[in-house]
There are 2 protein chains.
Amino acid sequence: MARSGEPVKTTTAKPRTRSAGRGRPTKGAGVDLKEAILDSAEGLFARHGFYGVTTRQVASEAGVDTALIHYYFGAKRELFDAVLLRRAEIINRERADAMTAYEASHPGAMTAEGVIAAFIDPLIERALGGGQGWKNWFALVAQINITPAWGGEVMHRFFDPVVRQLVETLGRALPGAAMPDLYWCYQFLTGSMMLTVAETGRIDQLSDGQCHASDLDAARQRLYTYCAGGFEAVVRKSAG
Amino acid sequence: MARSGEPVKTTTAKPRTRSAGRGRPTKGAGVDLKEAILDSAEGLFARHGFYGVTTRQVASEAGVDTALIHYYFGAKRELFDAVLLRRAEIINRERADAMTAYEASHPGAMTAEGVIAAFIDPLIERALGGGQGWKNWFALVAQINITPAWGGEVMHRFFDPVVRQLVETLGRALPGAAMPDLYWCYQFLTGSMMLTVAETGRIDQLSDGQCHASDLDAARQRLYTYCAGGFEAVVRKSAG
DNA sequence: GTCTATAACTGGATAGAC
DNA sequence: GTCTATCCAGTTATAGAC
């Protein structure tokens, strides 16, 4: 960790990684600090929600001053949106690509489980190998998803296209399925998926340590099988 | 609505139902106001979360002064706990009784769907016929459930016994099922169930009006079938 | 039991120095 | 680009009148 050789400050330590000397100082440092602000905001919002976090806390954890947050992002709510947007674009592209690839490689022979795995697996992969930032982001999205005041609007803005693609692809994997059945089952799926990637730790306590929320490898296959079994049971019942 | 014949006040209108004249004034009015405070706190916390609500808002909506909230409940966090507790005891008893009754009436012939229906149906019934208060309470619990900071601890405090009973009863309905499978599948179930009773309105927007979050009668049978199909698929795969 | 008044503090946001 | 200093609206909570 580089430390700037400034006069002693008695305020809280400010660990801050500057873009090591080389390069335009006007840009390099700025990008780093902007990311640092987003990182700390992401973690704090994930743990305590929008109103449970102060811009002072975000600034302190990022090692910057509150004024810098307003300089880069404007109001607190705009910072929040920036946190959401940063990873939404990445993950949505990955999910869309995975579903398209699955359909292309299984012409006329798609299973519900295959489609569902393509839809969810990018999240599990990022949660397993993307570092704490991705984990925080998933926990945050999970909370927004279930908040009446924001769940409808925010989810709509960031996730509608990829969800529509899932429903349509599932419709081709489950021919004859009624649309209301698909929408309801998608809602059930999203509830399970979000609670799983949120890693709340509830399952650790409930199972007396037999299961661990962080063990997404254990959750993964069960989740795909569970959701596919659910879709098929509902579609079967509706048809029969 | 009874209106107290007090001198004109220029402050915001305070519609308040007093316990109509008869009875000890020292108790009657107090109970009413206490419930009014809990009602407005419940609705506001459900929409905006703990930190998104001020005691002033709660007091204003209940038609009382903030000081009265502290007189009855103490700190803001204690008010929050009181909101949770009020309905938790009721619903937990109903769910425990429903599962016990189902098992008693189906000796040696329980289905996963039957057990799950007994576990969830009391929620659906209260959400459909219990008024806005119950709807608010479910939305609030759904949010807490998925909040890392509180989800583990609060859910544990209020819901562990009834969930343990579900898992044990399901174990008897699905003989040979491994415990980790049951715990993981319970987590998937709870995610779907909570998102459904939270009624966020997301499904309305996603389905372009073909489905309505408030149509719990449409959700109910699909949810039971979906969850049972999921449990059975996971258990089957694990055994095979 | 209920309200008025206010203490003591924290919040988001900005102007302006560097 | 970044920080210091500060404004002031809004927050929880309480003391004490009625």
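In what follows, every chain begins at residue 1, and chains take the letters A, B, ... in the order their sequences are listed.
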Legend entry - Under 3.5 Å side-chain donor-acceptor pair for B:Gln165 and B:Thr100: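 There is such a pair (donor and acceptor under 3.5 Å, judged by atom type) between the side chains of B:Gln165 and B:Thr100.
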
Legend entry - A:Lys76 (side chain) donor-acceptor with A:Val53 (main chain) under 3.5 angstrom: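 Checking the backbone N and O of A:Val53 against the side chain of A:Lys76, a donor-acceptor pair under 3.5 Å is found.
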
Can you check the [X] [atom1] to [N] [atom2] distance for me, whole Å?
X       : N      : atom1 : atom2 : result
B:Asp32 : C:dG1  : CG    : P     : 13 Å
B:Tyr72 : D:dA13 : OH    : C1'   : 18 Å
B:Phe50 : D:dT11 : CZ    : P     : 14 Å
B:Asp65 : D:dC18 : CG    : C1'   : 14 Å
A:Ile69 : D:dG1  : CD1   : P     : 16 Å
A:Lys76 : C:dG12 : NZ    : P     : 5 Å
B:Gln57 : D:dG10 : CD    : P     : 12 Å
B:Leu68 : D:dG16 : CG    : C1'   : 15 Å

Inset, instruction - Remember a base hit wins even if backbone is also touched, and classify B:Val58 as base, sugar-phosphate or nothing at under 4.0 Å, heavy atoms. - result: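 It contacts nothing in the nucleic acid.
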
Inset, instruction - Describe, in one word, how the ring planes of B:Trp134 and B:Phe138 are oriented to each other, choosing from parallel (under 30°), tilted (30 to 60°) and perpendicular (over 60°). - result: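 The arrangement is tilted - the two ring planes meet at 30° to 60°.
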
Inset, instruction - Answer yes or no: does a side-chain N or O of B:Tyr71 lie under 4.0 Å from OP1 or OP2 of D:dT14? - result: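 For D:dT14, neither OP1 nor OP2 has a side-chain N or O of B:Tyr71 closer than 4.0 Å.
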
Inset, instruction - For D:dT14, take OP1 and OP2 only and decide whether either is under 4.0 Å from a side-chain N or O of B:His70. - result: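 Looking at the OP1 and OP2 atoms of D:dT14, neither is under 4.0 Å from any side-chain N or O of B:His70.
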
Legend entry - Polar side-chain contact B:Arg56-D:dG10 base: donor and acceptor under 3.5 Å: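 No.
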
Inset, instruction - Measure from the ring center of B:Phe50 to the ring center of B:Trp150 and say whether it is less than 6.0 Å. - result: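 Distance test on ring centres: under 6.0 Å, yes.
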
Inset, instruction - Could you check which of C:dC3, C:dG12, C:dA13 has an atom nearest any side-chain atom of A:Thr66? - result: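 Looking only at heavy atoms from C-beta outward on A:Thr66, the closest nucleotide is C:dA13.
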
Inset, instruction - Using heavy atoms to find the nearest nucleotide of DNA chain C for A:Ala67 and A:Thr54 separately, return the residue whose nucleotide is more 5′. - result: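 Looking at the nearest nucleotide for each, A:Thr54 comes out on the 5' side.
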
Inset, instruction - Begin with the C-alpha distance, continue with both residues' side-chain angles, and end with the deciding distance and a verdict on salt bridge (Lys or Arg N to Asp or Glu O under 4.0 Å) for A:Arg95 and A:Asp121. - result: CA-CA 8 Å; A:Arg95 301 168 93 182; A:Asp121 219 54; over 6 Å; no

